[in-house]
Protein chains: 2
Amino acid sequence: MRPSYKSIITALKRHGHKLTLQRRAVIDVITSSQDHLTPAAMFEKVRQDHPGIGLVTVYRTLKLLTELNLICELRTADNCPSYTAGTSEHHHHLVCSGCGKVVDFASPRLIERDVAKLEGKLSRENGFRIDEHLLEFTGLCELCQKAQASSV
Amino acid sequence: MRPSYKSIITALKRHGHKLTLQRRAVIDVITSSQDHLTPAAMFEKVRQDHPGIGLVTVYRTLKLLTELNLICELRTADNCPSYTAGTSEHHHHLVCSGCGKVVDFASPRLIERDVAKLEGKLSRENGFRIDEHLLEFTGLCELCQKAQASSV
DNA sequence: GTCTAAATGAAAAATATTATCATTTACACT
DNA sequence: AGTGTAAATGATAATATTTTTCATTTAGAC
Ligand SMILES: [Mn+2]
Ligand SMILES: [Mn+2]
Ligand SMILES: [Zn+2]
Ligand SMILES: [Zn+2]
């Protein structure tokens with residue numbers, strides 16, 4: 001379930017953080033978009049309604065929201081990190097290596113079960129305490145496939 | 001199976017690339033170490049035997065070897081990319097978020113089969129052509145767990 | 001309204017990576 | 001062995017992203 005503007009604000013307050021205009025602006029942008037946005041893209045959107053905001057503040061806000069687990073941080077190979085309000089629930093990513101498009105998906109219970117089992121085995125064998133896992137698919141979205149086909 | 005210095009050299013030659021002293025030096029370092037090394041760490045090691053080499057050359061060599069699939073490139077959230085000669089075969093990573101230690105593992109056939117099935121489903125549902133997948137576990141290695149325990 | 005710690009923004013610094021380009025060099029061919 | 005040439009190198013600068021510093025502002029407790 002996508003956390004709403006309101007639920008994020010409430011959580012921030014609950015954790016004793018101040019509700020500044022700048023934070024509200026960033027949260028507004030991130031909850032209003034379906035896409036994963038980079039800090040720079042976020043900054044561009046925010047400054048439309050709120051010129052004078054600093055890029056630094058966007059970085060700081062994203063860091064804070066990530067630490068509080070209120071937004072989803074995605075780091076793929078090529079692109080710089082991006083963020084969505086899209087569900088803090090456990091999910092995974094399908095990423096287009098052409099345009100950076102991201103599709104969130106919940107992996108089937110079957111896989112999660114197998115992964116958990118593997119996690120146990122790896123933990124035992126290597127003495128690790130395992131905190132999380134990440135399953136990511138990379139490929140080309142429909143548009144990028146077409147673009148590639150027509151360019152060849 | 002870990003590609004040896006020699007096998008990498010042979011592959012480079014086969015692809016028509018020149019065998020410069022600098023490339024040999026980088027390949028020597030990467031095949032002599034078990035660990036995932038960052039470009040910077042690689043540079044430090046290489047310049048011991050080969051002062052005068054440029055960091056740029058290390059970057060270029062790593063890029064080349066990665067493109068030819070002769071080494072394994074790993075990109076995790078916090079650290080910058082790192083590389084090993086460790087097997088170009090399909091495998092996954094267990095990463096310590098404390099010290100960056102990396103354990104390579106081959107995932108069980110069971111998981112690979114399920115993942116392939118999921119790949120098909122996601123591909124159909126989203127119109128993606130999926131090229132690869134990545135399964136990564138993050139946690140704390142034995143030492144970092146101890147360090148954490150004693151610091152609390 | 002006052003006070004104070006937290007938050008902001010401007011600027012600079014730190015990091016990581018890539019581009020430019022003159023110089024060097026591996027190696028294919030004599 | 002010597003020559004020519006395209007590929008590779010390294011110095012330098014440029015780019016991109018993120019973090020630090022610090023003086024100023026401000027949210028929210030009282
Ligand atoms: Mn999962
Ligand atoms: Mn796999
Ligand atoms: Zn795409
Ligand atoms: Zn560790």
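Bear in mind the structure is a predicted one, so any value in this text is a computation, not a measurement. Letters A, B, ... are given to chains in the order of the sequence lines, protein chains preceding strands, and every chain is numbered from 1. Every heavy atom of this structure was used, including side-chain atoms; hydrogens, water molecules and symmetry mates were not.
Every residue two or more places apart in sequence or in another chain that forms a side-chain contact (heavy atoms from CB on, under 4.5 Å) with B:L68 is listed here: B:L12, B:H15, B:H17, B:L64, B:L70. For B:Y5, there are no ring-ring contact (aromatic ring centres under 6.0 Å, His included) partners at least two apart in sequence or on another chain. Checked against salt bridge (charged side-chain N to carboxylate O under 4.0 Å, His left out), B:R60 has no partners two or more places apart in sequence or in another chain. Annotation: salt bridge (charged side-chain N to carboxylate O under 4.0 Å, His left out) contacts of A:D131 (sequence neighbours excluded): A:R129. With sequence neighbours excluded, the residues satisfying salt bridge (charged side-chain N to carboxylate O under 4.0 Å, His left out) with B:E44 are B:R47. Not counting sequence neighbours, the partners of A:K13 by the side-chain contact (heavy atoms from CB on, under 4.5 Å) test are A:L19. With sequence neighbours left out, the salt bridge (charged side-chain N to carboxylate O under 4.0 Å, His left out) criterion links B:K63 to B:E67. For B:A41, the side-chain contact (heavy atoms from CB on, under 4.5 Å) criterion is met by B:L37, B:T38, not counting sequence neighbours.
Taking the six-membered ring where the residue is Trp, A:F137 and A:F105 present tilted rings, their angle falling between 30° and 60°.
Contacts between residues 46-53 of chain A and DNA chain D, defined by a heavy-atom separation below 4.0 Å, involve no residue at all.
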If the sugar-phosphate is the primed atoms plus P, OP1 and OP2 and the base is the rest, what is the B/S/- string for nucleotides 17-30 of chain C, using protein heavy atoms under 4.0 Å? SBB------BS---
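Remark: C1' of C:dT15 and CZ of B:F43 are 15 Å apart, rounded to the nearest angstrom. Residue A:L65 contributes atom CG, which lies 14 Å from atom C1' of C:dA7 at whole-angstrom precision. Computed from coordinates, the A:L62 CG to C:dA7 P distance equals 15 Å when rounded to whole Å. In this entry the distance linking CZ of A:R23 with C1' of D:dT26 reads 12 Å, nearest Å. Note: CE (B:M42) to C1' (C:dA16) measures 14 Å, nearest angstrom.
If one axis is set at each end of the helix from C:dG1-D:dC30 to C:dT30-D:dA1 from five pairs, those axes are 40° apart, to 10°.
The existence of a salt bridge linking A:R75 and A:E73 is confirmed by a sub-4.0 Å separation between a basic side-chain nitrogen and an acidic carboxylate oxygen.
Sorted by first and then second residue, the ring-ring contact (aromatic ring centres under 6.0 Å, His included) pairs involving residues 29-71 of chain B (not counting sequence neighbours) are B:H36-B:H93.
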